[in-house]
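Read through the structure below, which is laid out as structure tokens, and then see the notes.
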Amino acid sequence: RRDEIGVLARSFTQMQEAIHQQLEALQEGREELAHMARHDVLTGLPNRRAFHDRLEHALSRAQRSGEHFALFFIDVDNFKSINDRFGHQGGDAVLKIVALRLVATTRKADAVARLGGDEFVVLLENPSHREDIVQIAEKLLESVRSPILHRGMELQVGFSIGISMYPDDGRTATELMARA
């Protein structure tokens, strides 16, 4: 209609559409904030908070089912010297590549996270044998030890890894993290 009622109806429809668009933008913003609260901005990996939740969940499941799991704590050796020599861009490049390599080397069922700085953790769910854990640790170290190319230069980076197993090395998240 072209009268006042028609104008009012069109205005109402436009207002509904604007509200709908604002609600969609708000929902997208909430989802982005929720993701940012649980993921490391640099690497995209789950952060300390998200990993702690996953570890607590693994502990609960293991206590109920009698399953085992292993926790790997991986640290970049002499990371400060990388930052000093190549700047924060070089350090960031190393951390991003390490994150990609850890994810590529683990199974989908395993959890890889960055705790902060140069510290990463891997939660290996239900390993078959103790020997498998050692082989997987060696495989992880081998994947991250390969030279990292940054601005045409090969960076040789060293890593340390600590391992703890549930329930042998602890029955709480704090104990397992400390022992790893």
Side-chain angles (χ1 to χ4, degrees), residues 28-62 67-127 132-151 154-166 169-170 172-180:
E28 288 174 12
R30 280 189 190 143
E31 290 170 5
E32 185 177 339
L33 281 174
H35 180 80
M36 288 172 57
R38 299 186 54 80
H39 290 82
D40 177 59
V41 176
L42 180 66
T43 63
L45 291 176
N47 63 16
R48 180 181 297 272
R49 176 183 298 162
F51 182 76
H52 182 73
D53 291 348
R54 175 79 184 262
L55 181 56
E56 289 293 341
H57 182 71
L59 277 166
S60 296
R61 188 173 52 250
E67 293 177 354
H68 299 270
F69 64 85
L71 180 65
F72 300 116
F73 192 96
I74 301 165
D75 186 69
V76 181
D77 294 338
N78 303 313
F79 185 70
K80 184 180 179 325
S81 66
I82 294 168
N83 269 339
D84 290 346
R85 184 168 178 207
F86 300 100
H88 289 291
Q89 286 182 336
D92 288 354
V94 167
L95 295 173
K96 289 176 187 177
I97 291 170
V98 168
L100 289 171
R101 290 179 181 177
L102 289 174
V103 169
T105 308
T106 54
R107 304 171 302 178
K108 294 268 187 220
D110 302 326
V112 178
R114 179 175 175 220
L115 296 184
D118 62 340
E119 298 174 338
F120 295 86
V121 286
V122 176
L123 177 65
L124 180 65
E125 301 257 4
N126 206 17
D132 292 342
I133 295 169
V134 173
Q135 289 176 346
I136 291 168
E138 289 172 355
K139 187 177 170 185
L140 286 171
L141 283 176
E142 183 180 318
S143 76
V144 293
R145 278 188 184 141
S146 300
I148 295 172
L149 192 62
H150 176 67
R151 293 188 176 181
E154 278 191 2
L155 306 180
Q156 195 65 41
V157 182
F159 295 88
S160 301
I161 188 166
I163 304 170
S164 65
M165 292 181 50
Y166 175 85
D169 297 318
T172 68
T174 303
E175 289 174 345
L176 291 165
M177 290 291 287
R179 295 215 171 101

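As the structure is a computational prediction, the values presented were derived from the model and not from experiment.
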| F120 and V144, any side-chain heavy atoms less than 4.5 Å apart | no

| remark: The reported gap from CZ in R107 to CG in L124 (rounded to nearest 0.5 angstrom) is 5.0 Å

| M177 and L55: CA distance, side-chain angles, deciding distance, side-chain contact (heavy atoms from CB on, under 4.5 Å) verdict | CA-CA 10 Å; M177 290 291 287; L55 181 56; 4.1 Å; yes

| remark: On a heavy-atom basis, the closest approach of L95 and T43 is O-CG2, 3.8 Å

| Interatomic spacing from CZ in R145 to CG in L140 - rounded to 0.5 Å | 11.0 Å

| field | All ring pair (Phe, Tyr, Trp, His ring centres under 6.0 Å) counterparts of H39, not counting sequence neighbours | value | H35

| remark: Output for pair (I163 CD1, R179 CZ), nearest 0.5 Å, gives 15.0 Å

| What distance separates L42 CG from D92 CG, expressed to the nearest 0.5 Å? | 4.5 Å

| request: Quick one: list whatever passes ring pair (Phe, Tyr, Trp, His ring centres under 6.0 Å) with F79, sequence neighbours left out. | output: none

| request: Check whether the side chains of R61 and H57 place a donor and an acceptor atom closer than 3.5 Å, and report yes or no. | output: yes

| query | Would D77 and S160 count as having a side-chain donor-acceptor pair, cut-off 3.5 Å? | reply | yes

| Note, R101 side chain near S146 side chain (heavy atom, < 4.5 Å) | yes

| field | Least distance between heavy atoms, A173 atom then E56 atom | value | CB-OE2, 3.4 Å

| Is L59 close to L176 at the side-chain level, that is, under 4.5 Å between some pair of heavy atoms? | yes

| field | With sequence neighbours excluded, residues passing ring pair (Phe, Tyr, Trp, His ring centres under 6.0 Å) with F73 | value | none

| Closest approach of N83 and H88, non-hydrogen atoms and distance? | OD1-CA, 3.7 Å

| task | Return the orientation label for the Y166 and F69 ring planes: parallel under 30°, perpendicular over 60°, tilted otherwise. | result | parallel

| said: Measuring from atom CG of N47 to atom CZ of R38, what distance do you get when rounded to the nearest 0.5 angstrom? | reply: 7.0 Å

| query | Heavy-atom distance under 4.5 Å between the side chains of I97 and H150, does that happen here? | reply | no

| said: Minimum heavy-atom separation for E125 and D110, please, with both atom names. | reply: N-OD1, 3.3 Å

| query | How far apart are the closest heavy atoms of D169 and S164, and which atoms are they? | reply | OD2-CA, 3.3 Å

